[in-house]
2 protein chains.
Amino acid sequence: MINLGYNERRVIELLRGRGGMSRIELAREMAVSAPTLTRLTSSLLEGALIVEDSESRPPTGRGKPSTAVKLNPEGLFTVGVYFNPDDIRICVADLEGKIRAEHVQELDDHSFDHIMGVASPAVEAVIKQAGIDRSRVLGCGLSFPGHFSRNPGHVFQIQQFSSWHDIDVNKDFDDYFDMPVFHENDGKAVVLSELYYGAGRNLRNFALIWLTYGIGGAVVVQRQLYRGTNRNAGEFGGLFPKSHPRPSGQDLCNLLSTQGINVRRLREIDESYSDHPAIRGWLDRATDQLRVLSLTVARTLDPTAIVFGGSLPDWIIRHFVEHLGSLEILGEDFHVEPPEIRLSAMSDKPHLGAATIPLYRATTPSYYSGRALKGWA
Amino acid sequence: MINLGYNERRVIELLRGRGGMSRIELAREMAVSAPTLTRLTSSLLEGALIVEDSESRPPTGRGKPSTAVKLNPEGLFTVGVYFNPDDIRICVADLEGKIRAEHVQELDDHSFDHIMGVASPAVEAVIKQAGIDRSRVLGCGLSFPGHFSRNPGHVFQIQQFSSWHDIDVNKDFDDYFDMPVFHENDGKAVVLSELYYGAGRNLRNFALIWLTYGIGGAVVVQRQLYRGTNRNAGEFGGLFPKSHPRPSGQDLCNLLSTQGINVRRLREIDESYSDHPAIRGWLDRATDQLRVLSLTVARTLDPTAIVFGGSLPDWIIRHFVEHLGSLEILGEDFHVEPPEIRLSAMSDKPHLGAATIPLYRATTPSYYSGRALKGWA
DNA sequence: TTATTTATTTACGTAATAAAACTTAATAGC
DNA sequence: GCTATTAAGTTTTATTACGTAAATAAATAA
């Protein structure tokens with residue numbers, strides 16, 4: 001229906017995260033002429049991806065006052081499906097990253113059939129519940145923990161999903177959703193929502209450290225998700241061998257279990273545990289490990305910020321961020337600004353990350369190939 | 001004279017490092033039509049940046065045989081100036097990364113005035129010596145060790161260059177060279193020549209670990225030098241605090257000095273030292289440290305390869321590469337290919353790295369801005 | 001020989017862009 | 001108030017980059 005060319009995508013990128021911009025501002029930032037911007041916005045206006053901002057800002061001086069354009073939140077919707085060993089979450093999100101409707105339920109059966117059996121009707125249900133125009137749904141993103149194996153398409157390595165051995169994630173999801181389907185590892189999906197709507201909104205380069213049962217993460221370089229040669233960039237868990245104590249949820253569960261405490265889900269570890277001496281020790285050791293990791297990431301990637309999040313209980317992640325300290329003090333020889341440590345804005349909505357995947361694919365300028373996109377409708 | 005537009009640059013990128021390609025092959029790889037490729041090559045042919053390959057390859061079957069085009073080594077030249085506390089090296093390089101003429105001399109006076117006093121006439125001398133068309137010289141790249149301080153443009157941090165405090169590297173070089181001037185930290189410059197002509201020739205993502213008096217490095221992501229937010233990406237030295245033993249040349253010199261051995265330049269440490277027990281111990285420890293660094297880089301960046309080089313004596317760098325071992329065996333939980341460990345092809349020609357900077361700036365597609373480049377002549 | 005195949009070029013139409021000119025809507029100065 | 005000035009945005013026009021279709025070139029296959 002609408003062609004999102006390279007420069008149309010750049011307009012969307014610039015408008016995202018800002019309240020609104022005049023065409024002249026956009027033209028300046030994009031280094032194109034004003035007439036070009038008129039054309040770009042008129043095509044986006046026609047497709048209802050942007051709207052003119054009615055709120056006329058107080059004129060700044062002489063001359064015709066500018067009329068701002070902004071993204072139309074109703075312009076495009078995406079569906080996100082996220083699951084982990086504990087639960088599955090499905091949402092519809094709008095173009096501003098607002099969750100319009102969601103469905104959350106616990107998971108006990110981790111088989112592919114069961115999870116798809118939940119996801120497929122739930123996607124239709126949340127679309128209905130959100131009361132949105134079905135034709136404006138761009139696609140569905142799925143995200144879940146797990147690395148990719150050397151056998152392309154096959155996930156791997158999460159004990160609870162061991163029955164997935166024969167699933168080809170590049171094909172087998174498609175049948176369950178009546179729209180284009182995309183998938184991504186959980187941390188890499190979350191970093192997309194962080195990039196668009198969260199702690200990375202204004203950053204060109206940053207890293208996410210994503211703490212769940214395992215340890216994941218993702219790297220954003222020049223406002224692009226960087227996957228690495230084998231889709232393994234930012235998989236920081238690899239720096240902490242599973243055979244050793246590590247700052248992961250599973251490691252904490254194992255510790256609790258030696259203390260006679262058995263939790264079934266990570267969220268059951270509420271703040272009341274913070275006084276337990278064994279947990280206090282675990283927190284100190286894990287904080288130290290994450291501090292080393294942060295310094296490592298700072299030196300290797302020189303990001304503007306390092307963002308911490310995940311399905312570990314919120315109070316634990318907050319403890320990490322508050323006790324890491326300033327990297328400037330911790331690291332010797334910081335001749336330039338060390339990265340800032342930030343708390344993720346997405347720990348409680350990883351499904352928004354999944355919903356961001358289709359948007360990322362459709363609106364990132366560098367994904368534009370060819371003269372005209374087939375269009376999302 | 002010639003406009004290097006976006007797609008002309010892509011052609012150059014594709015031709016670089018390959019013997020020659022037919023227009024049809026180029027068109028396929030670039031996903032443009034054959035007529036477009038005719039236009040692109042005709043403009044490059046006119047500017048003499050490429051030539052048709054006379055060697056007609058054996059025809060593969062029916063149909064008109066293709067005529068390959070390849071980069072014209074005489075098409076463009078660049079000048080590189082590299083210096084470190086030991087010496088200064090100046091070269092003219094052609095479009096194939098071949099050094100056409102060079103000038104090397106030892107440095108004792110490290111003042112800005114002295115170094116420029118050497119470099120400026122030497123640049124003219126090597127151009128003359130190479131016997132090339134002066135109008136085809138694209139520019140001059142300078143590279144040298146040193147981080148950038150928070151004060152933009154001011155280098156910092158190398159003891160021997162402490163007198164440079166008031167030099168603004170963004171301006172003060174210009175007066176000494178009658179051509180466009182670019183500069184870059186030594187490791188980052190070397191990685192460019194590695195990318196074009198060396199160990200990274202065929203790699204999309206890789207890291208360089210650059211061992212000199214200090215410890216530097218650089219990161220290539222998607223065939224682009226990634227500098228990080230504060231130009232500090234890949235400055236791996238930061239992972240080894242100066243107050244602790246570290247795998248750097250200065251650290252080795254300090255050790256030798258405690259053994260009563262005083263070397264004036266790194267290259268004086270020849271292979272005869274390899275039997276010295278203290279040096280053997282240093283090598284073992286440094287190898288262990290570099291192994292940890294390699295695993296860290298592998299996990300963080302997921303590069304295709306990690307390249308080792310630098311002005312440390314060649315036999316030491318070879319010792320590191322040979323004794324690191326396979327990362328696959330060393331790191332637990334490698335579910336995908338670990339990066340390959342490679343030896344730099346540029347340890348003995350860091351000035352080629354400097355000479356690559358102007359070329360990188362002029363021919364990297366993503367540096368193209370606007371409709372037409374002002375041109376390099 | 002002639003048909004077929006493949007690479008490349010030529011001719012031409014379309015889309016994206018910038019420059020110049022124009023329109024619109026505000027303020028500044030009288 | 002009236003007019004000049006300024007700035008935003010649009011229309012018009014010329015240029016450029018690209019793709020499609022057709023033409024040409026140079027080989028093999030029949």
Side-chain angles (χ1 to χ4, degrees), chain A residues 2-11 14-15 20-47 50-70 365 368-375, chain B residues 2-11 14-15 20-47 50-70 365 368-375:
Chain A
I2 186 178
N3 277 344
L4 291 182
Y6 189 82
N7 275 340
E8 283 84 353
R9 292 169 185 226
R10 288 177 67 200
V11 171
L14 281 169
L15 290 178
M21 285 174 83
S22 75
R23 286 168 239 254
I24 283 289
E25 282 177 284
L26 284 165
R28 260 196 292 271
E29 294 234 16
M30 294 173 62
V32 297
S33 66
T36 296
L37 221 99
T38 296
R39 179 179 49 79
L40 294 172
T41 49
S42 68
S43 118
L44 289 170
L45 276 168
E46 202 180 344
I50 63 172
V51 285
E52 291 199 332
D53 200 344
S54 50
E55 267 176 65
S56 55
R57 295 172 297 178
T60 48
R62 273 195 202 195
K64 176 175 172 177
S66 59
T67 51
V69 291
K70 60 175 187 182
Y368 175 69
S369 63
R371 178 172 280 214
L373 196 71
K374 302 298 171 295
Chain B
I2 186 177
N3 277 344
L4 291 182
Y6 188 84
N7 275 342
E8 282 84 353
R9 293 170 185 226
R10 288 177 67 200
V11 171
L14 281 168
L15 290 178
M21 284 173 84
S22 74
R23 286 169 238 255
I24 281 288
E25 282 177 285
L26 283 164
R28 260 196 293 272
E29 294 234 16
M30 294 174 63
V32 298
S33 67
T36 296
L37 220 98
T38 296
R39 179 177 48 79
L40 295 172
T41 49
S42 68
S43 118
L44 289 169
L45 277 167
E46 200 179 347
I50 62 173
V51 285
E52 289 198 336
D53 200 344
S54 50
E55 268 176 65
S56 56
R57 295 172 298 180
T60 49
R62 270 198 205 194
K64 176 176 174 176
S66 59
T67 51
V69 291
K70 60 174 186 183
Y368 175 70
S369 63
R371 174 172 285 210
L373 196 69
K374 300 302 171 290

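Each chain gets a letter, A, B and so on, in the order the sequences are listed, and its residues count up from 1. Note that this is a predicted model, so its numbers are computed, not measured.
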* Spacing between A:M21 atom CE and D:dA8 atom P, to the nearest angstrom -> 13 Å
* Kindly point out which of D:dT20, C:dT24, C:dT8 is positioned nearest to the side chain of B:P35? => D:dT20
* Toward the 5' end of DNA chain D, which comes first, A:R62 or A:L37, by nearest nucleotide? -> A:R62
* Can you tell which of D:dT20, C:dA25, D:dT10 lies closest to the side chain of A:T38? -> D:dT10
* Whole-Å distance between C:dA18 P and A:R28 CZ? -> 15 Å
* Asked: Considering Watson-Crick and G-U wobble pairs with both distances under 3.5 Å, what does D:dA8 pair with?
  -> C:dT23
* Asked: Would you say a side-chain N or O of A:T36 is under 4.0 Å from OP1 or OP2 of C:dA16?
  -> no
* Using whole Å, report how far CZ of A:R23 lies from C1' of D:dG9. => 7 Å
* d(CZ, B:R10; P, D:dA17) in whole Å -> 15 Å
* For D:dA17, does OP1 or OP2 lie under 4.0 Å from any side-chain N or O of B:N7? -> no
* Asked: Say you draw a straight line from OG of A:S43 to CD of A:E8; how long is it, rounded to the nearest 0.5 Å?
  -> 4.5 Å
* To do: Any chance you could measure B:L26, atom CG, to B:T36, atom OG1, to the nearest 0.5 Å?
  => 12.5 Å
* Can you tell if the side chain of A:L40 reaches within under 4.5 Å of the side chain of A:M30, non-hydrogen atoms only? -> yes
* In whole angstroms, how far is the P atom of C:dA16 from the CG atom of A:L44? -> 12 Å
* Asked: Is the side chain of B:R23 donor-acceptor paired with the backbone N or O of B:T41 at a distance under 3.5 Å, no angle test?
  -> no
* Asked: Between D:dG19, C:dT9, D:dA8, which nucleotide has the shortest distance from any of its atoms to the side chain of B:S33?
  -> D:dG19
* Phosphate OP1/OP2 of D:dG9 contacted by A:T67 side-chain N/O (<4.0 Å) -> yes
* Atom pair distance, as rounded to whole Å: CZ in A:R39 and C1' in D:dT12 -> 15 Å
* Where each residue is assigned the nucleotide of DNA chain C containing its nearest heavy atom, which of A:K64 and A:L40 is assigned the position nearer the 5′ end? -> A:L40
* If every non-hydrogen atom of B:G20 is compared with every non-hydrogen atom of B:K70, which pair is closest and at what distance? -> CA-CB, 4.0 Å
* Asked: Looking at B:S66, does any N or O in its side chain come under 4.0 Å of the phosphate oxygens OP1/OP2 on C:dT6?
  -> no
* Interatomic distance, A:I24 CD1 vs C:dT23 C1' [rounded to whole Å] -> 14 Å
* Return the value, rounded to whole Å, for the distance between atom CD of B:E52 and atom C1' of C:dT8. => 10 Å
